Amino acid sequence: MKAELIQYIEKNSQKHYALALSYVKNPEDAMDIVQDTIIKAIEKVGQLKNPQFMGTWFCRILINNAQDFLKNSAKVIPSDSVELIQEQGKEDLYRDFDLENALNQLKDNERQIVDLRFYAGASLEEIANTLHLNENTVKTTLYRSLKKLRKIMEEE
Amino acid sequence: MKDSKKPVELTPKEELELLELEKQLQSRIEKIQAPPNYEQKVQEAIQIAKKQNIIPLHQGEQNRRMTMKSSTQKIVGIAAAALIVFTGSVNLSQSFAQSVSAVPLFGSIAKVLQIRQFEDKKEGAEAIIDTPAVQGIDPELEKSLNKKYLEENKALYQQFVKDSGDFTAENGGHLAVGAGFTIKTDTKDTLALQRFVTQTQASTDEKVSIDNIDKNKKIIITLPSLFKDESYINVITENIKSQMKEQMANDKEIYYFIKGEKDPQDPAIVHETGLDKISRDQQFYISDKNQLVIVFNKYDVAPGAQGISEFVIPTSAIQNILVSNEYIK
């Protein structure tokens, strides 16, 4: 399973970066989060019983890490240094600020489904199993969330 | 979210719309690109994680913590770096000495610490210089190695301070100096630690230097010490030249310079620089497959775009001039 996990990590690294970046906003931090997630995931690979759910499993660890990071950093960043950090992040990388912003306006349950669907590449059935929801609920929520995202992005 | 809260079925039209919306978001996400050093970081993390599994769990946990910068530390670093930018100060006395990571080595308690010694950022010039520090092999050996590493990087930093005065936002120049290291080989017997220095002005220059350490005998392995006599210089040179020719014949995109030989793609040109003979102390390492690998710096034997060149020397080609098969098999 470990070899499969490493293969999965290597193949999906760009998506993991995009997912981390959508939470933490700073390329350096996003890379740190991915690194930390990789180490945790490989350490805990014994917990993963079904390789089919690897993407969901990995991305949930990543999201938890990102949320922990945000919680911790919220305590130590004085408000005026936020600008400095954004300044740091302003490298000539392709970023999608509109998308990042729109994702952050989703409700928690909507965001979870969108993350699992697009960054973890999970099927609707898998999302339903993971979040203990009815598959149709997942589908309608996804539909609603995507319309909402598009609307927010069009407004900008 | 209760199942009963929303109507459960999408209409066929909405189903189609959902597909379209999914496609749009998918392609937006695929366009997001990570910084160029990201893939390397992914590999680093994989390597660290792989090594964690062979050391006791509690120790692994500790090392992991040390490896990843804590968010607080990180933010202090950013704020300080940003401060230099914002005040426009050219005072380059700013230096940090903080241990940012520890790479545990195979077996035992040996590890390589990565120390961020110097970090500077101002308009037009930046330097990030990481120095390795070997630990847990042998106090005497470590002392001399670590001293060398530190002194060389100190000199590099002083040179940067001197040079960086010429680069300002006004004249549009840019200078970037980076130093760090990678572990090329780590087995129970040997450790090959490769340090690199990159200097970017208009183009990037990259130089490496490698130390091969015998963990058991606690000595540095030198290239001449592997062979019975000096004949290795010619034997290895000829082997590399034939590898170069073979690679060039098989792939038009690969290019090497061999001194005194005609350019394979333009026979009118005879190269005046490039590989003549390897030096007595050519950079090398012993791979984890116990093979000799010869390393050339950027530009030495190939166009800059090819970067550092490495050649694995088949053991059969040097078998009869090796002192023994202790390291190379």
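Predicted model, so just to flag it, every value in this text is computed and none were measured. Here is how names work: the chains are called A, B, and so on, in the same order as the sequence lines, proteins then strands, and each is numbered from 1.
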Query - Pairs involving residues 55-69 of chain A, ordered by first then second residue, that meet salt bridge (Lys or Arg N to Asp or Glu O under 4.0 Å) (sequence neighbours left out) - result: A:D68-A:K71
Report task. Kindly indicate, with the supporting measurements, whether the criterion side chain to side chain contact (heavy atoms under 4.5 Å, CB included) is fulfilled by A:L99 and B:L25. Result -> CA-CA 9 Å; A:L99 176 62; B:L25 182 54; 3.5 Å; yes
Query raised in the report: In this structure, are over 12 heavy atoms from other groups packed under 6.0 Å from A:Q7 atom CD?
Result: no
**Report entry** Distance (rounded to the nearest 0.5 Å) between A:L149 CG and B:Q24 CD
**Finding:** 11.0 Å
Report summary line: Looking only at heavy atoms, the pair that brings B:I32 and A:Q14 closest together is O-OE1, 4.1 Å
Requested in this report: Please report the shortest heavy-atom distance between B:Y38 and A:S13, naming the atom on each side.
Outcome: OH-O, 2.6 Å
**Report entry** Rounded distance [0.5 Å steps], CG in A:D96 versus CD in B:E30
**Finding:** 12.5 Å
Query - Salt bridge present between B:E9 and A:K139 (N-O < 4.0 angstrom) - result: no
Report summary line: Nearest heavy-atom contact between B:I46 and A:I42 is CA-CD1, 4.2 Å
Report summary line: Output for pair (A:L142 CG, B:L21 CG), nearest 0.5 Å, gives 8.5 Å
Report task. For the residue pair A:E10 and B:E39, establish whether any side-chain heavy-atom pair is separated by less than 4.5 Å. Result -> no
Report summary line: Between the CZ atom in B:R28 and the CZ atom in A:F118, the distance rounded to the nearest 0.5 Å is 12.5 Å
Query - Residues in salt bridge (Lys or Arg N to Asp or Glu O under 4.0 Å) contact with A:K147, at least two apart in sequence or another chain - result: B:E17
Report task. Pick one of side chain, backbone, both or neither for B:E22, based on which atoms fall under 4.5 Å of a heavy atom in chain A. Result -> both
Query - Rounded distance (nearest 0.5 Å) linking atom CG of A:L146 with atom CG of B:L19 - result: 10.5 Å
Query raised in the report: What's the shortest heavy-atom distance between A:Q35 and B:K41, and which atoms?
Result: NE2-O, 3.0 Å
Query - For chain B, the option from A:K15, A:R117, A:H16 that forms the most heavy-atom pairs under 4.5 Å - result: A:R117
